[in-house]
Amino acid sequence: MDLLGTLRGILAPGDLITGEACEPYLTDHRRLYRGRALAVALPRSVEEVSRVVVACNTARVGVVPHGGNTSYCGGATPDESGAQLVLALARLNRIRSVDPENYSLIAEAGCVLARVQEAAETAGRHFPLSLGSQGSCQIGGNLSTNAGGVHVLRYGMMRDLVLGLEVVLADGRVLPGLTALRKDNTGYDIRGLFLGAEGTLGVITAASLKLFPQLKSAATAFVAVPSPAAAVTLLARLREASGDLVSSFELIPRIAVELTTRHIPGVSDPLEAAHPWYVLCELGSARAAEPLEALLTEALGAALEAGLIEDAVVARSERERAALWKIRETIPESQRHEGPGLKHDISVPVSALPQFVARGAEWVAAHVPGARLIAYGHVGDGNLHFNLQARPAEGAALLARGEEVRRALHDLAAALGGSFSAEHGIGRLKVAELERYAPATELALMHAVKRALDPNGIMNPGKVLRSG
Ligand code: MLT
Ligand code: ZN
């Protein structure tokens with residue numbers, strides 16, 4: 001029997017899509033890639049995933065795991081051959097269990113992140129991963145890309161939020177690792193291999209995740225600062241002053257306030273005058289009685305006197321808080337309204353961030369004078385989206401220089417001890433970057449692991465590592 005016939009025998013009617021109906025699975029979120037596929041499989045159980053993978057392994061057909069399709073690097077898009085199978089996890093979407101006393105839950109890979117957050121809140125707990133795409137991205141994708149977001153400085157990245165994984169291996173075996181243990185020193189960290197592997201070593205089908213106490217109080221401020229250096233100093237002071245209760249600390253440049261107020265209905269500049277840089281910062285606590293607003297106001301007052309900040313507004317209601325967050329969260333969307341741009345996802349040690357911004361901005365001004373720099377992001381993690389935006393009618397010219405710009409900025413990050421991919425992963429987009437920047441020994445180990453776990457090279461071929 002041919003592969004499609006075998007797959008039809010495994011999956012329920014309607015769970016194998018072919019032809020035009022495959023369309024939504026063939027283009028990535030940023031529209032960088034447009035692939036073709038043999039079919040799209042939508043299994044409903046781990047057993048079905050396993051049988052589908054076995055069939056593909058036998059037929060030597062590539063399997064492309066697909067979650068909420070929010071990857072910035074084309075990690076979930078099939079290649080142009082039309083020979084790969086897209087394996088969509090959307091129907092494997094149960095919360096299997098919640099254990100409030102163990103502060104953990106087990107979710108299947110196709111659960112949308114927002115649903116996992118809701119399941120935790122319903123049980124009186126908190127799941128802290130928080131991303132702009134949380135209404136559509138799926139846990140399997142979050143795990144496979146080791147997603148970050150706006151709470152990393154307090155809770156860590158996805159890798160830090162996992163207790164155990166269930167994974168279907170390339171030969172169809174199921175790795176039964178859904179432990180709820182916080183301590184388990186029993187040999188190699190096999191589970192860790194699949195986090196950030198983008199489906200190239202196996203298909204994550206479920207995860208045991210860490211929960212935290214619910215946040216009962218928060219204080220949010222939009223703060224004008226003279227420079228990224230001032231932002232870094234302010235973060236260090238706020239961490240001390242609050243007893244490490246800072247849960248978000250996001251850098252926003254003036255141009256992002258201009259773009260969001262121009263393009264996003266309901267966004268307005270919360271401060272009277274224009275300032276070169278801003279920080280959106282939030283303190284959060286599990287104690288309802290914590291006087292966070294007073295604490296934040298006092299710390300900002302001291303910073304103002306010290307000349308560290310230029311102005312600030314503290315949200316007085318949930319509505320005001322949401323309005324401040326909307327500025328930050330709609331930066332990527334406002335950029336899309338302005339036309340084509342170049343995105344980067346660099347990280348450096350937090351203390352080196354001001355230097356990266358200064359040297360990066362200098363390079364951009366000297367070499368790409370037509371472009372507007374939109375450098376924003378997660379200061380607390382040393383992670384910036386150092387994006388370039390074309391002026392109208394200059395989009396194609398900027399895109400044509402993408403390679404050169406990427407090289408300069410990634411070289412600069414590397415020179416400062418940083419990374420070219422902080423939280424967006426490698427996918428297809430950054431395979432050459434990984435080859436350039438990963439130490440040769442590490443790259444060789446990655447290939448060895450790939451060969452050991454996926455000898456036929458069927459798992460998401462060409463992503464993370466070059467195939468063949
Ligand atoms: C963000 O932090 O907003 C995203 O990770 C990056 C982006 O959308 O450019
Ligand atoms: Zn980000």
Side-chain angles (χ1 to χ4, degrees), residues 28-32 67-76 113-114 128-138 141-142 144-159 196 198 228 231 247-253 255-257 259-260 263-264 267 278-282 324-348 350 353 356-357 360 371-390 398-399 402 405-406 409-410 413 418-427 429-430:
D28 68 300
H29 174 69
R30 288 177 61 193
R31 305 199 167 275
L32 297 175
N69 203 24
T70 58
S71 166
Y72 275 128
C73 302
L113 171 56
L129 190 78
S130 179
L131 317 171
S133 58
Q134 62 197 24
S136 48
C137 65
Q138 294 172 12
N142 298 148
S144 297
T145 57
N146 184 27
V150 294
H151 290 150
V152 172
L153 84 162
R154 176 84 163 268
Y155 298 99
M157 296 186 62
M158 193 62 183
R159 199 187 289 277
E198 304 186 33
S247 52
S248 291
F249 199 87
E250 298 284 310
L251 187 70
I252 299 172
I255 186 171
V257 173
L259 296 189
T260 50
H263 293 297
I264 312 292
V267 172
Y278 305 87
V279 159
L280 177 64
C281 72
E282 191 157 277
L324 297 182
W325 268 105
K326 194 164 180 180
I327 302 171
R328 166 62 185 91
E329 280 168 352
T330 56
I331 297 173
E333 187 186 334
S334 73
Q335 248 192 284
R336 278 195 291 278
H337 284 280
E338 286 281 303
L342 302 174
K343 276 178 181 287
H344 306 95
D345 174 36
I346 65 89
S347 66
V348 291
V350 177
L353 206 123
F356 181 90
V357 176
R372 293 168 293 169
L373 179 61
I374 310 180
Y376 66 95
H378 321 290
V379 180
D381 319 326
N383 172 201
L384 282 188
H385 303 301
F386 207 79
N387 298 347
L388 270 64
Q389 188 67 48
L398 178 63
L399 293 187
V405 175
R406 189 160 55 224
L409 295 176
H410 291 172
S419 166
F420 65 91
S421 181
E423 61 167 4
H424 291 170
I426 305 295
L429 184 65
K430 296 184 182 172

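In each ligand, atom 1 is the first atom listed, and ligand 1 is the first ligand listed. Hydrogens, waters and symmetry mates play no part in the numbers below; they use all other heavy atoms, side chains included. In this chain, residues are counted from 1 in sequence order.
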Would you find a donor on one side and an acceptor on the other, under 3.5 Å apart, between the side chain of Asn146 and the backbone of Arg159? yes
Residues that His151 engages under ring-ring contact (aromatic ring centres under 6.0 Å, His included), provided they are two or more places apart: none
So, using side-chain contact (heavy atoms from CB on, under 4.5 Å) as the criterion, who are the partners of Thr145 when residues are at least two apart? Ala147, Glu198
Quick one, list the residues around ligand 1 where some non-hydrogen atom comes in under 4.0 Å, by chain and residue number. Tyr72, Arg328, Pro332, Lys343, Tyr376, His378, His385, Asn387, Glu423, His424
Everything protein-side that's N, O or S and under 2.8 Å from the Zn ion (ligand 2): list it, residue and atom. His378 NE2, His385 NE2, Glu423 OE2
Quick one: does Asp381's side chain have a donor or acceptor within less than 3.5 Å of a partner on Leu153's backbone? yes
Taking the six-membered ring for Trp and the full ring for Phe, Tyr or His, determine whether the centres of Tyr376 and Phe386 are under 6.0 Å apart. no
Ignoring hydrogens and angles, tell me if any N or O in the side chain of Ser71 forms a donor-acceptor pair with the backbone of Gly75 under 3.5 Å. yes
Just one of His385, His344, His29 clears the ring-ring contact (aromatic ring centres under 6.0 Å, His included) bar with Tyr72, so which one? His29
Would you find a donor on one side and an acceptor on the other, under 3.5 Å apart, between the side chain of Asn69 and the backbone of Asp28? no
Using a 3.5 Å distance criterion without hydrogens, assess whether the side chain of Ser421 forms a donor-acceptor pair with backbone atoms of Gly425. yes
